[in-house]
Every structure is written in structure tokens, then in C-alpha cells.
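The chains referred to below are lettered A, B, ... by the order of the sequence lines, with proteins before strands, and numbering in each begins at 1.
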There are 2 protein chains.
Amino acid sequence: MSQTDEILDTLRQRGYRITAQREIVVEIISEAEHHLSAEEIYQELETRTPGANISTVYRTLEVLWEEGLTCRNDLSEGKIVYATREHGPHIHLVCRRCNYVIEAEPEVLNQLSEVLLANYQFRADLDHLSIFGLCEQCEDDPRVEDPHNKQSQSTRR
Amino acid sequence: MSQTDEILDTLRQRGYRITAQREIVVEIISEAEHHLSAEEIYQELETRTPGANISTVYRTLEVLWEEGLTCRNDLSEGKIVYATREHGPHIHLVCRRCNYVIEAEPEVLNQLSEVLLANYQFRADLDHLSIFGLCEQCEDDPRVEDPHNKQSQSTRR
DNA sequence: TCCCTTATTGCAAATAATTGCAATAAGGGA
DNA sequence: TCCCTTATTGCAATTATTTGCAATAAGGGA
């Protein structure tokens, strides 16, 4: 069964109604090579079947995320991005200074996952986690001179 | 030296200008008992010195966060909330289904912190991390019946 | 297959957050 | 202390996301 159908089936089993809009949104995310913003998904939806509304896209994405069927990440791109949980998986180390994103192995979180479950009975979504912090370059930067580093910020890499 | 002055001093040392607006925003966050939204900070700023603009608040909060002087969290409250890093510290386990938040000990992340630094040269901000997932109740919920659980959702706890 | 219940949608309005730009003012140097 | 540079602000407009509500339609039952 395809990725798309698996997700739709899960939704159906959980009592959600399968609408044309939801089908296509799931299809778009499943087929995507990389993560997509709500706006991008809406644009693609428009080309496939015009007439839908972007609030439907937002609501569909919310359902998919709440049901654990997609991941949703703030990668400092100015908007939230979405992808299937099969995409990747990797955790995102996002530099809060230069916005550079390092993709890290999710295995580093295995122990944490167990601890949170054992100590807090919390089943954490750790594949695709976003963690903010400082990359090596920003950590080493002498802060006093050019603290905002506007020029090199965008072209640092 | 007070919390407020420490933060302002750090900003000054890093080349930022200390404006009246920034002073008060830092003061408000430092004195706060709990995390605050940008809007709440703006309201408080208005009572202390009217005339400032909320975009200044947003920009100040961005600087403070980028400089590692405050934490910024999405706790599923519909808006981002801010607090000093001294507040707490604790990590937030946010249930993606019922929005319940468990406050967990940051110590569970000690090992992760070391691994990220050693393997990726990334200095992660792990105190005050938000992690989404499922709480015990939502994990155990039979999904097929009443998947949205609207009634009990808000009153579950 | 048709009908009924009610989840879902489209729309418009509201809220949250960001941004461009001209005016202002912080802080270093003379 | 005054001046100059330029970071920061206020304002208005823009973008991102959410929400209330009436109309629509999915899916189960007769």
C-alpha cells in the first residue's frame, strides 16, 4: 500500500472523513521530496483541483500532525514546514544566530526517548525534532565586533 | 547585579544599544513569575511607559533569544511565550493531542547535550526545550471512538 | 439507494508575527 | 559637550495562521 493510502486509511480508521481535499493534501506531502510550507501545499493543491481554501490546508495539516502522521517543524524559515514522518528521519539542529540547519542522526535521541517514556509516561516525537542552539561558527564568533553580522549572515555557507 | 542588569550588560558588551524600550522589556521578563507572550509584554510595557510599538517588543525578544538571553517556547498556547533562562529551568513535554504540558527535569538531556557538541559541534539550548508527543492518556485513548474528544479535551485535567 | 447526522469546507474576519522605510536617538570620538 | 554614524524605533503594510459560522457533503444506517 502506498504511503498516501496508508495515511488515509489510518485517518479513516480513526473516524475522520476522507474528503477530496484531504486526499490530495496527503498525496502532495507523501510525494514531496522535501518539506513543504502550508502555502506551497496550497499552491500545488490549486493546480491539481482548484477551488479549495488555504484554511482547509491548515486544518488538514493540523489533523495530520495531531494524529502523528506528519511532522511539523520550525526551521527558522519564517513559516512552519511539513513532511511525512518517513521523510528523513533526522533531527534538525537550527542555529539561532545564523539559521543554519544541521541534519543529525535521530539515534542520538534513543536514550532520551526511553527516559521520557519511563519517567514521564510521555511518548515523545523525537524523529524530526528541531533543536535550537549555536553552530560552531557562531559559538566561536567574537561577539563584540559586528554582532549582527548582517552581510555574512546570509552567505556564511 | 540584578538579572535585568546582567542581561542589559551582556547586550551592551555585544554591541547592542540600550534603549528605554529594551530596558523595560528586559525588566518585565526578568521580574515575571511565569512565561509571557509578546502581547502580554507589550501590555505591561504600555502601562509603564506608553507609546512604544509592539513590533519593537517582537524585535527585542528576537534579539534576546538570538543572544541566548531568553528562552522562547511554543507550548501550544496559540502564541510563542518568553521567559528568562533562569526561570525554571525545565523542559516542556507538550501533548500534541490534548495540549497538556508536563514539566520535566532538564537533566534528562545532559547526555544529549554532550553528544550534540561532540558529534556535531552544536551547542544546543536544551534547558527549556519543548518536545511534542503524546501523554499517557492520549496514548491509551481508543482512537476510533470520539477521535477528537472535544468535550473532555479542554477539561481532561 | 436514500436519508440523516454531523464532520468538514469555504469564506471572511481576527489574531500573531514580520518587514520596509523614514525619523529618531544611542554611544563613541573629537 | 557636541557631533556623527548608524542601530533602533514607530508606523503602516504584509505575511502567516487561526477561527466563527453557515453551507456542504462523507459515511453509516434503514
Worksheet item: With the threshold set at 4.0 Å, does a side-chain nitrogen-carboxylate oxygen contact exist between B/Glu67 and B/Arg14?
Response: yes
Worksheet item: Where the side chain of B/Lys79 is concerned, which of D/dT9, C/dT8, C/dA17 is the nearest nucleotide?
Response: C/dA17
Discussion item. Rounded to whole Å, please give me the gap between CG in B/Leu8 and P in C/dA26.
Written reply: 14 Å
Practice prompt. To the nearest Å, give me how far apart CZ (B/Arg72) and P (C/dA16) are.
Written response: 15 Å
Worksheet item: Under 3.5 Å, is there a donor-acceptor pair between the side chain of A/Arg48 and the main chain of A/Ile24?
Response: no
Discussion item. Please classify the nucleic acid contact of A/Arg59 as base, sugar-phosphate, or nothing, using heavy-atom distances under 4.0 Å.
Written reply: base
Worksheet item: Whole Å only: how far is the CZ atom of B/Arg22 from the C1' atom of C/dT24?
Response: 14 Å
Discussion item. Considering every strand and a 4.0 Å limit on heavy-atom distances, what is the contact class for A/Glu62: base, sugar-phosphate, or nothing?
Written reply: nothing
Practice prompt. May I ask you to decide if A/Leu109's main-chain N or O and A/Ser113's side chain share a donor-acceptor pair within less than 3.5 Å?
Written response: no
Worksheet item: Tell me: CG of B/Asp74 to P of D/dT17, nearest whole Å?
Response: 11 Å
Worksheet, complete the sentence: Heavy-atom nearest pair, A/Ile131 first then B/Phe122, reads O-CZ, 3.7 Å
Fill in: Parallel, tilted or perpendicular: ring planes of B/His128 versus B/His87, cut at 30 and 60 degrees
parallel
Worksheet, complete the sentence: Comparing nearest nucleotides in DNA chain C, the 5'-proximal residue of the pair A/Ser55, A/Gly78 is A/Ser55
Discussion item. C/dA25, OP1 or OP2 - any side-chain N/O from B/Gln21 closer than 4.0 Å?
Written reply: no
Identify each atom pair where a protein N or O and an N or O of nucleotides 27-30 of chain C are less than 3.5 Å apart, giving names and distance.
from, atom 1, to, atom 2, distance (Å)
C/dG27, OP1, B/Ile18, N, 2.6

Worksheet item: Between B/Arg85 and B/Asp125, is there a salt bridge with N-O shorter than 4.0 Å?
Response: yes
Worksheet item: What would the secondary structure line of DNA chain C be in dot-bracket form, counting Watson-Crick and G-U wobble pairs under 3.5 Å, with [ ] for pairs that cross earlier ones and | for pairs with another strand?
Response: ||||||||||||||||||||||||||||||
Worksheet item: Counting side-chain heavy atoms from CB outward, which of D/dT8, D/dA16, D/dC11 is closest to B/Asn53?
Response: D/dC11
Worksheet entry | Strand-adjacent residues in residues 35-43 of chain B, judged by heavy atoms under 4.0 Å from DNA chain C | none
Item to complete: Report the distance from atom CD of B/Glu139 to atom SG of B/Cys135, rounding to the nearest 0.5 Å.
Response: 9.0 Å
Worksheet item: Taking all non-hydrogen atoms of both residues, which atom of A/Thr84 and which atom of A/Cys71 are closest, and how far apart?
Response: O-SG, 3.9 Å
Worksheet entry | Expected output: side-chain B/Asn53 to main-chain B/Ser55 donor-acceptor under 3.5 Å | yes
Fill in: B/Ala52 side chain, from C-beta outward: closest of D/dA16, D/dT19, D/dG10
D/dG10
Discussion item. Test side chain to side chain donor-acceptor pair (under 3.5 Å) on A/Glu105 and A/His90; report intermediate values, then the result.
Written reply: CA-CA 5 Å; A/Glu105 296 300 320; A/His90 37 228; over 6 Å; no
Worksheet item: When you measure from the side chain of B/Thr56, which nucleotide among D/dT9, D/dC11, C/dC11 comes out closest?
Response: D/dT9
Worksheet, complete the sentence: note: A/Ile80, atom CD1; D/dT18, atom C1'; distance rounded to Å ~ 13 Å
Practice prompt. Provide, to the nearest angstrom, the distance between the CD1 atom belonging to A/Ile54 and the P atom belonging to C/dA13.
Written response: 17 Å
Fill in: Short side-chain N/O contact from A/Tyr58 to OP1 or OP2 of D/dT17, under 4.0 Å
yes
Worksheet item: Hey, is the main chain of A/Thr56 close enough, under 3.5 Å, to the side chain of A/Thr60 for a donor-acceptor pair?
Response: yes
Discussion item. I'd like to know if B/Arg123 pairs up with A/Glu136 as an ion pair, taking the criterion as any Lys NZ or Arg NE/NH1/NH2 lying under 4.0 Å from an Asp or Glu carboxylate oxygen.
Written reply: no
